[in-house]
Amino acid sequence: MANWGMKISRIGVDVNNGDDKDMIFTSKYSCLKGSLGTGIGGNKVVANDGNTETVTILHGLNYIPMVKGDFSFNNTNFQILPYFNLLGSLQIAFNIKADSTNVYLTFNLLELIGPPANYTIYYKCFIFLDKGKL
Amino acid sequence: MIIFYNKKTGKIFSYIQGRVHNKRDLQCNIKDSTIDDKDIAKIIIGYEETDIEEKTTKITKEKKQILDFVIEVENIEEYKGNKNIKHNGDKFDFMYKIENGENIFDYKINTKLKEIDKI
């Protein structure tokens with residue numbers, strides 16, 4: 001019995017004998033089946049004192065999912081995570097990581113010269129279900 | 001939509017988008033390092049999927065021309081679908097506002113009345 005039911009190949013590749021990696025889709029392997037909800041959003045107040053603040057999302061999937069995160073300082077223009085930069089005298093280290101239980105969004109701001117301040121960081125996160133494998 | 005907020009202040013700090021949520025979505029929890037776990041609460045606005053099947057009736061109307069007359073025909077279709085539980089139906093207008101671009105962080109939860117107020 002075949003280990004696949006349906007395949008779609010890339011242009012120029014014979015669907016009957018092409019490699020799995022050249023298929024746009026093959027039912028032999030699991031594919032991303034959507035995300036938790038239709039997206040997760042939030043905001044976090046982070047001080048520029050160099051302490052790492054964390055948002056922990058308990059996904060309960062029992063496997064390490066594919067994740068995508070974005071952040072913004074104004075809830076309008078979002079940039080992709082991870083993000084490491086020095087803007088003027090403000091050192092920015094924002095990251096996203098996942099394990100089989102949680103997704104972690106970490107935010108670290110360090111002001112090298114100026115006064116203490118708090119920043120509101122807006123974030124968005126997509127937790128995809130069933131990572132594919134090739 | 002599942003909204004996570006600080007029970008003490010009513011401040012919304014995170015949310016999961018969507019109108020229909022399955023078990024997986026509902027098991028999801030979000031924590032903030034500056035808020036004690038015991039101070040985090042959530043409110044569900046939308047539908048919860050269940051495994052319970054129920055008979056549902058779908059009615060559609062169709063206009064048909066017969067000779068010189070136009071008649072309206074009503075089609076009644078019965079089918080089995082999953083029962084969805086409605087949560088906080090009175091707050092659906094708020095959910096539609098957020099889906100249409102309003103900023104959810106301009107609102108907070110009135111912890112006494114369990115209502116959503118604009119800040």
Side-chain angles (χ1 to χ4, degrees), chain A residues 32-47 49 51-63 65 67-78 94-96 98 100-109 118-130, chain B residues 1-6 8-49 84 87-88 92 94-109 116 119:
Chain A
L32 293 176
K33 297 182 182 75
S35 63
L36 263 175
T38 55
I40 295 169
N43 72 6
K44 181 116 188 72
V45 176
V46 182
D49 56 5
N51 286 324
T52 298
E53 299 291 355
T54 306
V55 172
T56 306
I57 303 169
L58 172 73
H59 57 71
L61 295 170
N62 290 323
Y63 59 83
V67 295
K68 179 186 173 289
D70 305 280
F71 81 95
S72 168
F73 283 105
N74 57 15
N75 204 20
T76 305
N77 304 313
F78 281 81
F94 295 168
N95 205 358
I96 182 168
S100 57
T101 309
N102 296 312
V103 172
Y104 307 93
L105 297 156
T106 58
F107 304 97
N108 184 303
L109 292 172
N118 287 331
Y119 292 81
T120 299
I121 312 297
Y122 299 91
Y123 59 85
K124 286 184 185 178
C125 178
F126 293 91
I127 301 175
F128 298 104
L129 306 176
D130 264 348
Chain B
M1 171 179 283
I2 304 171
I3 299 173
F4 295 85
Y5 65 97
N6 185 325
K8 283 185 173 172
T9 62
K11 185 171 181 269
I12 295 171
F13 69 90
S14 197
Y15 62 100
I16 299 176
Q17 288 172 299
R19 291 189 184 188
V20 181
H21 295 289
N22 54 30
K23 264 186 215 170
R24 208 183 290 117
D25 293 347
L26 294 168
Q27 279 167 5
C28 191
N29 269 320
I30 302 180
K31 296 180 187 188
D32 186 308
S33 56
T34 53
I35 305 174
D36 273 338
D37 289 356
K38 59 176 174 48
D39 292 334
I40 294 175
K42 68 182 181 187
I43 182 170
I44 302 165
I45 303 172
Y47 295 95
E48 176 188 342
E49 265 181 11
N84 288 341
H87 289 271
N88 290 300
F92 275 25
F94 168 77
M95 181 172 65
Y96 300 147
K97 279 185 196 171
I98 303 306
E99 287 176 356
N100 286 322
E102 274 209 43
N103 185 357
I104 193 172
F105 304 115
D106 287 342
Y107 293 83
K108 62 184 269 186
I109 308 293
I116 304 175
I119 297 174

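The sequence lines fix the lettering, A, B, ..., with proteins before strands; numbering per chain opens at 1.
Annotation: maximal heavy-atom pairing with chain A below 4.5 Å, among B/K11, B/R24, B/M1, B/Q17, occurs at B/Q17. The choice from B/G18, B/S33, B/G46 that makes the most heavy-atom pairs within less than 4.5 Å of chain A is B/S33. Ranking A/C125, A/G39, A/G37 against chain B, the residue ahead of the rest is A/G39, based on heavy-atom pairs under 4.5 Å.
Shown here is B/K23, whose NZ atom has no more than 12 heavy atoms of other residues, nucleotides or ligands within 6.0 Å. By the 6.0 Å contact criterion, NZ on A/K44 is enclosed, its count of non-hydrogen atoms from other residues, nucleotides or ligands being greater than 12.
When all heavy atoms of A/L36 and B/C28 are compared, the pair lying nearest together is CD1-SG, 4.1 Å. Summarising the geometry of A/Y123 relative to B/S14, their closest heavy-atom pair is OH-OG, 3.1 Å, with the distance given to 0.1 Å.
Neither the backbone nor the side chain of B/I35 comes within less than 4.5 Å of any heavy atom of chain A. Contacts between A/N43 and chain B at a heavy-atom distance below 4.5 Å involve backbone atoms as well as side-chain atoms. With a 4.5 angstrom heavy-atom cutoff, B/Y15 touches chain A via backbone and side-chain atoms both. With a 4.5 Å cut-off on non-hydrogen atoms, A/L61 touches chain B through its side chain but not through its backbone.
Using a 4.5 Å heavy-atom threshold, the side chains of A/V45 and B/T34 count as separate. Residues A/N102 and B/K31 are not in side-chain contact: their nearest non-hydrogen atoms beyond the backbone lie 4.5 Å or more apart.
Test A/I57, A/I127, A/I40 against B/I16 for side-chain contact (heavy atoms from CB on, under 4.5 Å) and you get one pass: A/I40.
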